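Right, one structure below, let's go through it.
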Amino acid sequence: MSAADPPPATGRPDRAGRPGWLVWVALLAVGAVLLTAGWAGRHDAPVGDRTVGEVTRVGVATGDPIPGYLRAAASELAALPATGTPSGTYALVSFDAYLPPGGLPAVLAGAPVAEVVARVPLPDRQTEVVHLAAQRLPQDVVAGMAAVADRKDREAADQRTRAAGSADPELRRGYDTGAQVAAAEAAAYRRGCDCVYAAVVRAVPAVLRELAGRSGVRVVDPAPEVGRLDRTVFTPPLPDQRDVVRPPADAGPGATGSGMGDSSEAARGVIDPSPGGWAAGVGPRRAATAPTSPDSGRGG
């Protein structure tokens, strides 16, 4: 074979002779595909729930006039459309008096219950407000009260231990008072006390209106905007509050004339029964706010 003759065919391309620009074209094509896939993935990514952390408050707030709240709730109940959603509307039902677990079925018959609100009404003492899950009445309330009683026994023992280890006489008196209150709460819940003063129900408007007219029911405050209970705080008025919402008077050590009690309340785990609420004169406020602190008694 002479130097001028072409090389023999081998049946496969000559790799060394492939033009360089073809390699670059291939690389650019692969990069474009990857970039498009990445952008599509970002565009189609699920958007997070922007309402996480927001809390809707239904009820009253400290300083609110009770008569105004009752009128506003009644007006909102009357304004509900005759045909509501098939699943019903959540509503906060406040009672005229503190009821025992056994008194709830008659008052709330026909209205499915999600939870009840309770506190031990000790004279001249602020006590903790607890929310008890309750679908079966009165069994679930009795069981919830028993669980709270066990927790209160532990709180009383802890307060007594703190009192014994404190060298400050005033602080020791505060712990002693906390132990006495917790022990009294435990005893009351264990015997199924007259402590329930509100309930959260879910029913159609006709049932809610009928419920509002029953003996023992003070007011039915509908909350049609509520869809999830875990993002809602219900703050009903206490039965003995008739003019303005205020914390119960507390005659514990160091209590002032304002009825707000002393620093030992924090040690006792006292919760203000009306921490969030509504706008006076314009009806119940449905404020979507970031939660402050969870109710330690929720769920019993």
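What you see is a predicted model; the values in this text were computed from it and never measured.
- Closest heavy-atom contact between Thr89 and Leu208: O-CD1, 3.9 Å.
- At a threshold of 4.5 Å between non-hydrogen side-chain atoms, the residues Val60 and Pro236 do not count as touching.
- Contact check for Lys152 versus Val181: no side-chain heavy atoms found under the 4.5 Å cut-off.
- Between Val93 and Val200 there is no side-chain heavy-atom pair separated by less than 4.5 Å.
- The stretch residues 182-234 participates, sequence neighbours left out, in these disulfide (SG to SG under 2.5 Å) pairs: Cys193-Cys195.
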(message) The test is salt bridge (charged side-chain N to carboxylate O under 4.0 Å, His left out); show your working for Arg160 and Asp176 and say whether it passes.
(response) CA-CA 6 Å; Arg160 286 191 287 267; Asp176 284 335; over 6 Å; no

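- Minimum heavy-atom separation, Pro248 to Arg119: CG-NH2, 3.7 Å.
- Of the possible polar contacts, none joining the Arg246 side chain to the Asp64 backbone as a donor-acceptor pair under 3.5 Å is found.
- Summarising the geometry of Pro222 relative to Ala73, their closest heavy-atom pair is CD-O, 3.8 Å, with the distance given to 0.1 Å.
- Cluster annotation: Leu104 is not connected to Val142 through the hydrophobic network of ILVMFWY side chains, with a link wherever side-chain heavy atoms come within less than 4.5 Å.
- Of the listed residues (Val120, Val116, Val196, Val130), just one forms a side-chain contact (heavy atoms from CB on, under 4.5 Å) with Met145, and that residue is Val196.
- Checked for salt-bridge contact, Asp150 and Arg154 miss the test: no charged N lies under 4.0 Å from a carboxylate O.
- Within the 4.5 Å cutoff, no side-chain heavy atoms of Glu185 are placed close to those of Val148.
- Here Arg57 contributes atom CZ and Thr232 contributes atom OG1; the two are 10.5 Å apart, rounded to the nearest 0.5 Å.
- The CZ atom of Arg162 sits 9.0 Å away from the CG atom of Leu171 when rounded to the nearest 0.5 Å.
- Atoms CD and NE2, on Glu115 and His131 in that order, are 6.0 Å from each other to the nearest 0.5 Å.
- A side-chain donor-acceptor contact under 3.5 Å links Ser87 and Arg202.
- A donor-acceptor pair under 3.5 Å is formed between the side chain of Gln241 and the backbone N or O of Leu238.
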(request) Go through Leu122 and Asp124 one step at a time and tell me if the side-chain contact (heavy atoms from CB on, under 4.5 Å) criterion holds. (result) CA-CA 6 Å; Leu122 297 179; Asp124 299 323; over 6 Å; no

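- Residues Leu132 and Val141 share a closest heavy-atom pair of CD1-O, 4.1 Å.
- A salt bridge links Glu128 with Arg151: the closest approach of a Lys/Arg side-chain nitrogen to an acidic carboxylate oxygen falls below 4.0 angstrom.
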(request) With salt bridge (charged side-chain N to carboxylate O under 4.0 Å, His left out) as the test, would you mind laying out the steps for Arg172 and Asp168 before giving the verdict? (result) CA-CA 6 Å; Arg172 186 165 57 249; Asp168 186 323; over 6 Å; no

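- Within the model, atoms OG1 of Thr56 and CZ of Arg231 stand 9.5 Å from one another, a figure rounded to the nearest 0.5 Å.
- For the pair Asp243/Ile66, no side-chain contact is recorded, criterion being any heavy-atom separation below 4.5 Å from C-beta on.
- Listed by chain and residue number, nothing satisfies the side chain to side chain donor-acceptor pair (under 3.5 Å) test with Asp240 (two or more places apart in sequence, or in another chain).
- One N or O on the side chain of Arg209 and one on the backbone of Leu77 form a donor-acceptor pair closer than 3.5 Å.
- Counting only distance, with no hydrogens or angles, the side chain of Asp140 and the backbone of Gln135 share a donor-acceptor pair below 3.5 Å.
- Two rings, from Tyr197 and Phe95, have their centers 6.0 Å or more apart.
- Distance alone, capped at 3.5 Å, is enough to place a donor-acceptor pair between the Arg242 side chain and the Pro239 backbone.
- Within the 4.5 Å cutoff, the side chain of Pro101 has no heavy atoms near those of the Leu137 side chain.
- Looking at Glu170 and Arg173, no side-chain N of the basic residue comes within less than 4.0 Å of a carboxylate O on the acidic one, giving no salt bridge.
- The disulfide (SG to SG under 2.5 Å) analysis of residues 86-129, with sequence neighbours excluded, yields no pairs.
- Val107 and Ser215 get closest at one heavy-atom pair: CG2-O, 4.4 Å.
- Of the inter-residue distances, the one linking Asp221 atom CG with Glu76 atom CD reads 6.0 Å to the nearest 0.5 angstrom.
- In this structure, Val219 is not a member of the same hydrophobic cluster as Val244, with clusters built from ILVMFWY side-chain heavy atoms closer than 4.5 Å.
- The shortest heavy-atom contact between Leu229 and Ala114 is CD1-CB, 3.4 Å.
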